[in-house]
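Just so you know, these numbers use all the heavy atoms, side chains as well, and skip hydrogens, waters and symmetry mates. Each chain gets a letter, A, B and so on, in the order the sequences are listed, and its residues count up from 1.
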Number of protein chains: 2
Amino acid sequence: MSTQPRNYLASRSTSKCSTCSLRELCLPVGLDDREIETLSKLIERKYRIQRGEYLFHAGLAFKSLYAVRNGFFKSYVLDVDGHQQVTGFYMTGELLGLDAISAEIHTCDTVALEDSEVCEVPFEKLEELSLKIPLLMHHFHKIMSREIVKDHTTMMLLGNRKAEERLAAFLLNLSERFAKRGYSPKNFILRMTREEIGSYLGLKLETVSRSLSKLQEEGMITVNNRHIELNDIYQLNRKICGSSHQSHRLK
Amino acid sequence: MSTQPRNYLASRSTSKCSTCSLRELCLPVGLDDREIETLSKLIERKYRIQRGEYLFHAGLAFKSLYAVRNGFFKSYVLDVDGHQQVTGFYMTGELLGLDAISAEIHTCDTVALEDSEVCEVPFEKLEELSLKIPLLMHHFHKIMSREIVKDHTTMMLLGNRKAEERLAAFLLNLSERFAKRGYSPKNFILRMTREEIGSYLGLKLETVSRSLSKLQEEGMITVNNRHIELNDIYQLNRKICGSSHQSHRLK
DNA sequence: CGGCAGGTTGAGCCAGGTCAAACTTCGTGG
DNA sequence: CCACGAAGTTTGACCTGGCTCAACCTGCCG
């Protein structure tokens with residue numbers, strides 16, 4: 001993986017939302033066939049992005065959102081020191097670039113963690129089409145709002161949780177998202193390094209490693225390099241919902 | 001301040017966006033007079049919310065966004081333990097409730113930290129009007145996106161920064177926002193407790209207190225109870241942009 | 001088969017959490 | 001308008017979870 005972008009655009013092919021497996025996750029939710037057809041036309045290109053390639057960089061002019069068709073991405077912001085904060089991991093059916101709408105400039109770097117495909121959604125056209133398909137607009141609002149909720153959940157983790165709890169929450173979140181996409185919720189491959197997990201969770205890579213080992217010792221998971229098996233989802237959940245903590249709540 | 005809601009709605013009055021001082025910050029940005037007039041009609045009510053009163057609660061059905069006309073609010077989510085994570089502070093011209101669009105249920109509690117006024121913006125009507133005023137829709141998208149960027153910045157703070165740096169960033173952020181609203185950027189009153197600041201920044205209240213004292217010792221700020229004076233904005237900025245850190249960036 | 005990125009594990013240390021005490025401010029009721 | 005109690009703040013002493021530094025291991029790719 002390199003910090004240097006290679007090329008933004010690789011192969012090009014036509015795409016059809018109507019035959020896409022993501023209809024239920026992605027933008028077309030709830031639209032009728034004719035509307036989906038119109039939406040399809042709006043998607044200019046489908047790109048193949050290889051592992052390590054950047055989809056866009058912070059500072060770049062914003063033109064399009066990208067829907068992950070398959071694969072896995074991470075987004076991160078750099079602060080002035082060059083410190084990296086991973087702001088999210090994105091998988092099939094999720095929408096990338098929402099942060100860029102506000103200033104019309106991308107605020108984060110986004111890179112593929114495995115060979116991936118994305119659909120380019122020109123934002124201006126998406127807004128135009130929204131005017132004609134109210135349901136599309138409404139659904140888009142929901143997607144943006146979901147991103148905000150997701151960020152709040154992450155803030156919660158970063159602010160209140162211990163290392164092991166953060167890891168447990170992280171794994172369970174991945175598990176749910178895999179399940180929703182028809183993959184096994186108990187058996188999956190981490191696409192990211194320990195360092196990237198750490199950055200996302202506000203931990204150092206050594207702490208991530210140690211916490212994973214600890215969870216394994218406790219029998220909740222089995223770690224095999226990047227392959228993770230969740231053996232006791234109930235216990236993992238309890239770890240977060242911490243009946244262990246005494247609740248001294250703010251008044 | 002109490003965790004019990006008192007009443008949601010207090011006094012009622014008519015409102016006009018056209019005469020509101022927030023035209024440049026709030027939803028009407030860029031609209032012409034006729035459009036603003038239409039937008040005005042959409043705002044059903046203007047509420048007076050007293051300090052300590054809740055604007056809405058997590059779990060409540062979502063119907064409206066609220067624009068802060070004046071005053072100061074905090075939003076927070078509770079986790080299963082009853083641990084509170086403050087997700088944001090909101091002042092004049094900012095929009096509350098964006099997180100609720102996704103599930104049509106409020107995900108956080110929002111409470112006034114001083115006597116305030118809000119304009120209720122029924123979301124369904126806002127979407128309808130967006131279809132007729134593309135610029136309004138576009139601006140609304142920018143506002144949502146801005147919220148995402150803001151959250152990313154907070155995540156950055158929580159993940160990478162030391163206590164004093166977080167405080168410095170927090171104060172500078174408030175300063176900028178006050179300045180944008182025509183208040184002094186160097187002299188302001190904190191509307192929130194040390195505990196609330198701590199919750200937002202992922203610190204304990206004692207640490208907040210100590211860090212403020214430290215910044216004062218270093219001559220960058222003067223703390224007088226909740227009154228804050230920024231004496232050396234340049235130094236505060238340097239504290240964040242930390243020329244002190246060696247940049248060992250992720251590769 | 002060698003090089004290297006990524007991962008694990010250990011030892012020691014320190015920033016920030018925890019607990020405790022004292023002080024200040026503010027709101028309320030008499 | 002004052003007194004009192006509750007809420008909020010500061011400061012100190014101590015403790016610990018996670019960071020740092022370092023050594024070593026593992027799996028992958030050329």
Side-chain angles (χ1 to χ4, degrees), chain A residues 1-3 50-52 74 83 113-114 157-168 189-199 201-217 221-228 239 242 244-251, chain B residues 1-4 6 50-52 74 83-84 111 113-115 157-168 189-199 201-217 221-228 239 242 244-246 248-251:
Chain A
M1 197 180 326
S2 114
T3 46
Q50 290 193 306
R51 186 155 84 92
K74 77 161 172 180
H83 265 104
L113 296 184
E114 64 177 327
L157 275 190
L158 292 173
N160 290 326
R161 297 318 199 153
K162 298 196 185 301
E164 265 177 68
E165 296 167 350
R166 295 186 201 185
L167 253 305
I189 305 285
L190 297 176
R191 263 34 263 211
M192 69 296 278
T193 67
R194 304 289 193 257
E195 188 168 22
E196 287 160 343
I197 297 173
S199 169
L201 296 177
L203 301 168
K204 293 292 148 182
L205 68 101
E206 296 94 329
T207 308
V208 172
S209 181
R210 270 185 253 272
S211 301
L212 286 175
S213 302
K214 191 81 184 307
L215 290 174
Q216 182 164 29
E217 274 169 42
I221 66 175
T222 308
V223 185
N224 224 307
N225 200 18
R226 296 212 183 168
H227 179 263
I228 299 284
K239 190 155 278 262
S244 54
H245 296 274
Q246 73 281 32
S247 88
H248 49 124
R249 75 178 63 209
L250 271 175
K251 285 244 204 55
Chain B
M1 198 179 329
S2 110
T3 47
Q4 292 308 312
R6 293 193 229 159
Q50 291 194 304
R51 186 155 84 91
K74 76 161 173 180
H83 264 105
Q84 179 172 128
V111 60
L113 297 184
E114 64 178 327
D115 294 355
L157 274 190
L158 292 173
N160 289 327
R161 296 316 196 155
K162 298 198 185 303
E164 265 176 71
E165 297 167 352
R166 293 185 202 184
L167 253 305
I189 306 284
L190 297 176
R191 258 45 252 213
M192 69 296 280
T193 66
R194 305 289 192 258
E195 187 169 21
E196 287 161 343
I197 298 173
S199 169
L201 296 177
L203 301 168
K204 294 291 147 182
L205 69 101
E206 294 94 330
T207 307
V208 172
S209 180
R210 270 186 253 273
S211 302
L212 286 175
S213 302
K214 189 80 185 306
L215 290 174
Q216 183 165 26
E217 275 170 40
I221 65 176
T222 308
V223 185
N224 225 310
N225 200 18
R226 296 210 183 169
H227 179 263
I228 298 285
K239 191 154 276 262
S244 53
H245 296 275
Q246 73 282 33
H248 50 123
R249 70 179 66 210
L250 270 175
K251 286 244 206 54

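With rounding to whole Å, A:L113 atom CG is found 11 Å from C:dG6 atom P. For B:K214 and C:dA15, the NZ to C1' distance is 11 Å, given to the nearest whole Å. Distance CG (B:L167) to P (D:dT9): 13 Å, rounded to an integer number of Å. Regarding B:R51, its CZ atom lies at a distance of 11 Å from the C1' atom of D:dA7, rounded to whole Å. As rounded to whole Å, 21 Å separates atom P of C:dG6 from atom NE2 of A:H227. Look at CG on A:L201: it is 19 Å from P on D:dG17, rounded to the nearest Å. One atom, CG of B:N160, and another, C1' of D:dC19, lie 13 Å apart when rounded to the nearest Å. The distance from atom CG of B:N224 to atom P of D:dG8 is 19 Å, rounded to the nearest whole Å.
Partners of B:E114 under the side-chain hydrogen bond (donor to acceptor under 3.5 Å, both in side chains) rule, at least two apart in sequence or in another chain, are B:R191. B:T207 meets the side-chain contact (heavy atoms from CB on, under 4.5 Å) test with B:A163, B:L203, B:K204, B:S211; sequence neighbours excluded. Applying the side-chain hydrogen bond (donor to acceptor under 3.5 Å, both in side chains) rule to B:R210 yields no partners; only residues at least two apart in sequence or on another chain are considered. For A:E206, there are no salt bridge (Lys or Arg N to Asp or Glu O under 4.0 Å) partners at least two apart in sequence or on another chain.
Overall, the helix from C:dC1-D:dG30 to C:dG30-D:dC1 carries an axis bend of 50° between its ends, with five pairs at each end and the value rounded to 10°.
Residue A:R51 comes nearest to A:L113 through the heavy atom pair CD-O, 3.1 Å, listed as atom of the first residue, atom of the second, then distance. Residues B:V223 and B:N225 approach most closely at CG1-O, 3.6 Å, considering heavy atoms.
In the set D:dC19, D:dG18, C:dG17, the nucleotide with an atom closest to the side chain of B:K204 is C:dG17.
Residue-level contact check: A:G202 touches the backbone only, with heavy atoms under 4.0 Å from sugar-phosphate atoms and none from bases.
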Contacts under 3.5 Å, N or O only, protein and nucleotides 7-9 of chain C:
residue: C:dG7; atom: OP1; partner: A:R226; partner atom: NE; Å: 2.9
residue: C:dG7; atom: OP1; partner: A:R226; partner atom: NH2; Å: 3.4
residue: C:dG7; atom: OP2; partner: A:R194; partner atom: N; Å: 2.9
residue: C:dT8; atom: OP1; partner: A:R194; partner atom: NH2; Å: 3.2
residue: C:dT8; atom: OP2; partner: A:R194; partner atom: NE; Å: 2.8
residue: C:dT8; atom: OP2; partner: A:S209; partner atom: OG; Å: 2.8
residue: C:dT8; atom: O5'; partner: A:S209; partner atom: OG; Å: 3.2
residue: C:dT9; atom: OP2; partner: A:S213; partner atom: OG; Å: 2.8

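At least one donor-acceptor pair under 3.5 Å links the side chain of A:S213 to the backbone N or O of A:S209.
Residues A:K74 and A:M192 have side chains not in contact (no heavy-atom distance under 4.5 Å, counting atoms from C-beta outward). The side-chain heavy atoms of B:E165 and B:L157, taken from C-beta on, include no pair separated by under 4.5 Å.
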